[in-house]
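Report on the structure given below.
Positions are given from 1, in the same order as the sequence printed here. Whatever order the structure lists them in is the order used to number ligands and atoms, beginning at 1.
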Amino acid sequence: MKKMQWNDSLSVGIEQIDTQHKKWIEHFNNAAEAIAARQSQTQISKTLGFLMDYTELHFSTEEKYMTELGYTGLQEHQARHNELRTTLTNLVKDFEDEGVTSKLADAIDSFLGNWLVQHIHEIDKKFAAFAKKS
Ligand SMILES: [Fe+2]
Ligand SMILES: [Fe+2]
């Protein structure tokens, strides 16, 4: 399993957001590790719970910030967040029902990490550029 790593190209130039993205990556790595190592159901459930909670905290921070600044791209950005909220909720639900499946392992390994990197580059950076001009 490849660990996801922070690098400067991911910086959006807003400290609070960068710090949260770094923490999100940590939670992601913890969950991915627990799944790859086929840790106990309880342990995996815990790491997925942390990842879910942190994802929500981060998304609401960005959405609150965008609302405060009257960002015109809020709706589109929020729609992307909502897509991931749904995907993540479904993954966790599948895990609770079926335990670790290859579908879950694959989703964690490729989809989630890639989603985050792409989202930061394409969506978060657009908003950050707007926030810095405001
Ligand atoms: Fe975002
Ligand atoms: Fe973000």
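- Ionic pairing of E76 and R80 is present here: one or more N-O contacts between side-chain nitrogen and carboxylate oxygen are shorter than 4.0 angstrom.
- When the side chains of ILVMFWY residues are joined at heavy-atom separations under 4.5 Å, either directly or via intervening members, W115 and V117 end up in a single hydrophobic cluster.
- Rounding to 10 degrees, one finds that the Fe ion (ligand 1) sits at the corner of an angle of 170° between E62 OE1 and H119 NE2.
- A donor-acceptor contact shorter than 3.5 Å is absent between the side chain of D109 and the backbone of A32.
- When rounded to 10 degrees, the angle formed at the Fe ion (ligand 2) by NE2 (H58) and NE2 (H21) equals 90°.
- Of all N, O or S atoms in D124, the one lying closest to the Fe ion (ligand 2) is OD2.
- Distance alone, capped at 3.5 Å, is enough to place a donor-acceptor pair between the N29 side chain and the M4 backbone.
- For H81, the N, O or S atom with the smallest separation from the Fe ion (ligand 1) is NE2.
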